[in-house]
Amino acid sequence: MVRKLLRARPLVSFFVLAYGITWLLWAPLVIAGVPAFSAGTHTPSWYALPGVAVGVTGTAFAMAAATQGRAGATRMLRRLVQWRVGLRWYLVAVAAIPLGQILITAVLVSPAALRALAPSALTLYPMSYLAHFVFGPLFEESGWRGFALPRLQHRFGPVRASLLLGLLWSGWHFFLYVPSWLRAGPGGAVISAGIFVVFTTSITVVFTWLSNNTGASLLLAVLLHGSIDGTATYLQRLADRGVIGSDVAQFSVAFGVLIASALAALAVLAVTRGRLGYPRYRAGAERLDVPGTMQA
């Protein structure tokens with residue numbers, strides 16, 4: 001009976017379970033006042049990791065198995081190691097947004113932001129990237145781009161799917177993030193939430209475009225997610241060491257990445273005329289990811 005319900009409404013079931021399980025596991029942290037991010041390392045609290053891993057990754061694989069059997073779960077695993085996609089897509093995933101936000105910060109705030117690109121500073125980047133990697137990048141993408149995106153695109157098309165997924169993805173974070181946003185008061189919380197929603201929705205468009213052009217590679221989605229989170233940690237650590245100013249780091253982490261993501265989203269929407277590479281994905285990988293017509 002349960003499996004029949006999951007198969008009948010895979011998208012609704014996925015989001016209900018992902019939200020419900022994650023928030024249940026995060027509830028003790030929120031009640032205890034555990035901060036979402038460590039002030040010392042600028043990475044998420046390790047106590048939040050089980051909620052992400054079980055709530056999103058666990059739900060994604062469980063739903064793939066429930067709706068498509070072993071073949072669905074196996075397909076998801078293969079997408080996580082799907083690396084033959086062309087060098088240019090690696091450059092998009094790893095470098096496009098970080099370079100964009102640093103250059104925008106250099107123009108709008110201070111040329112000192114360019115110090116983040118100095119060879120001596122970049123020695124800190126690998127550890128900053130890896131410190132954040134096991135949170136959102138590694139354990140979220142099987143859910144958002146692995147299970148949800150193919151089905152959303154199949155039903156709504158690439159643009160509406162991206163907008164809807166961006167809203168749902170951003171909302172999933174709220175339970176853990178809102179308490180810290182409220183420290184700036186209700187008005188500050190609303191502004192922070194608005195910025196986060198716009199950023200998440202914009203970057204989701206880029207994720208969709210990247211996914212559709214790489215045969216739905218989850219590896220590339222993980223790398224893109226890692227480049228965003230890792231760069232935030234990297235810039236904050238540079239500010240801690242006095243390499244760049246704290247104002248430079250704060251602007252780049254909050255607004256530089258927002259502007260870069262919004263411009264990138266608008267660019268790929270314009271260049272692809274709203275298709276976001278979906279015809280290419282539909283002609284190849286969609287039959288593997290979404291066999292038959294799926295309901296919501």
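Each of Val16 and Leu24 belongs to its own hydrophobic cluster when Ile, Leu, Val, Met, Phe, Trp and Tyr are linked at side-chain heavy-atom distances under 4.5 angstrom. Placement of Val271 and Leu276 in two distinct hydrophobic clusters is found when ILVMFWY residues are connected by side-chain heavy-atom separations under 4.5 Å, directly or transitively. Leu176 and Val190 are assigned to two separate hydrophobic clusters, defined by single-linkage of ILVMFWY side chains at heavy-atom distances under 4.5 Å. A single hydrophobic cluster is seen to contain both Leu29 and Trp46, as judged by linkage of ILVMFWY side chains at heavy-atom distances under 4.5 Å, directly or through other members. Val159 is not connected to Leu266 by any chain of hydrophobic side-chain contacts under 4.5 Å among Ile, Leu, Val, Met, Phe, Trp and Tyr, and they are in different clusters.
Of all heavy-atom pairs between Pro158 and Gly274, the closest is CG-O, 3.6 Å. Closest approach of Ala121 and Leu238 over heavy atoms only: CB-CD2, 4.0 Å. In terms of heavy-atom proximity, Leu210 sits nearest to Ala221 at CD2-N, 4.4 Å. Closest of all the heavy-atom pairs between Ala239 and Ser246 is CB-CA, 4.0 Å. Across all their heavy atoms, Pro35 and Ser45 have their closest contact at O-CB, 3.5 Å. Listed here is the closest heavy atom pair of Val85 and Ser217: CG1-CB, 4.2 Å.
Annotation: the span from Met63 atom CE to Leu6 atom CG amounts to 4.5 Å, rounded to 0.5 Å. Atom CD of residue Glu140 and atom CG of residue Asp229 lie 7.5 Å apart, to the nearest 0.5 angstrom. Within the model, atoms CD1 of Ile97 and CD1 of Ile203 stand 4.0 Å from one another, a figure rounded to the nearest 0.5 Å. Atom CD in Gln236 sits 8.5 Å away from atom CD in Gln250 (nearest 0.5 Å). Taking CE from Met76 and CG from Leu288, the interatomic distance works out to 13.0 Å, rounded to the nearest 0.5 Å. Between the CG atom in Leu77 and the OG1 atom in Thr74 there is a gap of 6.5 Å [rounded to 0.5 Å].
Two residues are said to be in side-chain contact when any heavy atoms from C-beta on lie closer than 4.5 Å; Leu218 and Ser142 meet this criterion. Taking the side chain as every heavy atom from C-beta outward, Leu182 and Tyr177 never approach each other to under 4.5 Å. In this structure, the side chains of Leu220 and Leu224 stay at 4.5 Å or more apart for every pair of heavy atoms. Arg280 places none of its side-chain heavy atoms less than 4.5 Å from the side chain of Asn212. When side chains are defined from C-beta on, Arg79 does not count as touching Leu219, because their heavy atoms never get closer than 4.5 Å. Counting heavy atoms from C-beta on, the side chains of Val257 and Phe199 come closer than 4.5 Å. The side-chain heavy atoms of Arg237 and Ile244, taken from C-beta on, include no pair separated by under 4.5 Å. Here the side chains of Thr233 and Phe133 are not in contact, with every heavy-atom distance at 4.5 Å or above.
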Identify all side-chain donor-acceptor contacts of residues 106-114 below 3.5 Å with residues at least two apart in sequence or on another chain.
| residue | atom | partner | partner atom | Å |
| --- | --- | --- | --- | --- |
| Ser110 | OG | Ala112 | N | 3.0 |

Side chains of residues 47-59: which donor-acceptor partners sit under 3.5 Å, not counting sequence neighbours?
| residue | atom | partner | partner atom | Å |
| --- | --- | --- | --- | --- |
| Thr57 | OG1 | Phe139 | O | 2.5 |
| Thr59 | OG1 | Gly55 | O | 2.7 |

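Residue pairs meeting the ring-ring contact (aromatic ring centres under 6.0 Å, His included) criterion with at least one partner in residues 251-280, sequence neighbours excluded, are Phe251-Phe255. Applying the side-chain hydrogen bond (donor to acceptor under 3.5 Å, both in side chains) test to pairs two or more places apart or on separate chains, those with a residue in residues 17-43 are Thr22-Trp172, Ser38-Thr41, Thr41-Thr43, His42-Asp240. Under the side-chain hydrogen bond (donor to acceptor under 3.5 Å, both in side chains) criterion, the residue pairs touching residues 91-107 are Gln101-Ser252, Thr105-Ser252, with sequence neighbours excluded. Annotation: ring-ring contact (aromatic ring centres under 6.0 Å, His included) contacts involving residues 72-105, sequence neighbours excluded, comprise Trp89-Trp209.
Checked against side-chain hydrogen bond (donor to acceptor under 3.5 Å, both in side chains), Glu141 has the following partners two or more places apart in sequence or in another chain: Arg145, His225. Annotation: ring-ring contact (aromatic ring centres under 6.0 Å, His included) contacts of Phe174 (sequence neighbours excluded): Trp181. In this structure, the ring-ring contact (aromatic ring centres under 6.0 Å, His included) partners of Phe207, at least two apart in sequence or on a different chain, are Trp169. Residues satisfying the side-chain hydrogen bond (donor to acceptor under 3.5 Å, both in side chains) test with Thr208, not counting sequence neighbours, are Ser162. Residues passing the side-chain hydrogen bond (donor to acceptor under 3.5 Å, both in side chains) test with Arg75 are Asp289, sequence neighbours excluded. Every residue two or more places apart in sequence or in another chain was checked for a side-chain hydrogen bond (donor to acceptor under 3.5 Å, both in side chains) with Tyr234, and none qualifies.
In this structure, the ring of Phe15 has its center no less than 6.0 angstrom from the ring center of Phe147.
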Leu263 vs Ile104, test: side chain to side chain contact (heavy atoms under 4.5 Å, CB included). Steps then yes/no.
CA-CA 11 Å; Leu263 291 176; Ile104 287 168; 4.3 Å; yes

With side chain to side chain contact (heavy atoms under 4.5 Å, CB included) as the test, would you mind laying out the steps for Thr231 and Tyr125 before giving the verdict?
CA-CA 8 Å; Thr231 299; Tyr125 189 80; 3.1 Å; yes

Dump the intermediate steps for side chain to side chain contact (heavy atoms under 4.5 Å, CB included) on Val30 and Phe175, then the final yes or no.
CA-CA 8 Å; Val30 175; Phe175 189 75; 3.7 Å; yes

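Side-chain N or O atoms of Gln68 include none that pairs as donor or acceptor with a backbone N or O of Ala73 at under 3.5 Å. Of the possible donor and acceptor atoms, one in the side chain of Ser227 sits under 3.5 Å from a partner among the backbone N and O of Ala93. Under a 3.5 Å cut-off, the side chain of Ser170 and the backbone N or O of Leu167 do form a donor-acceptor pair.
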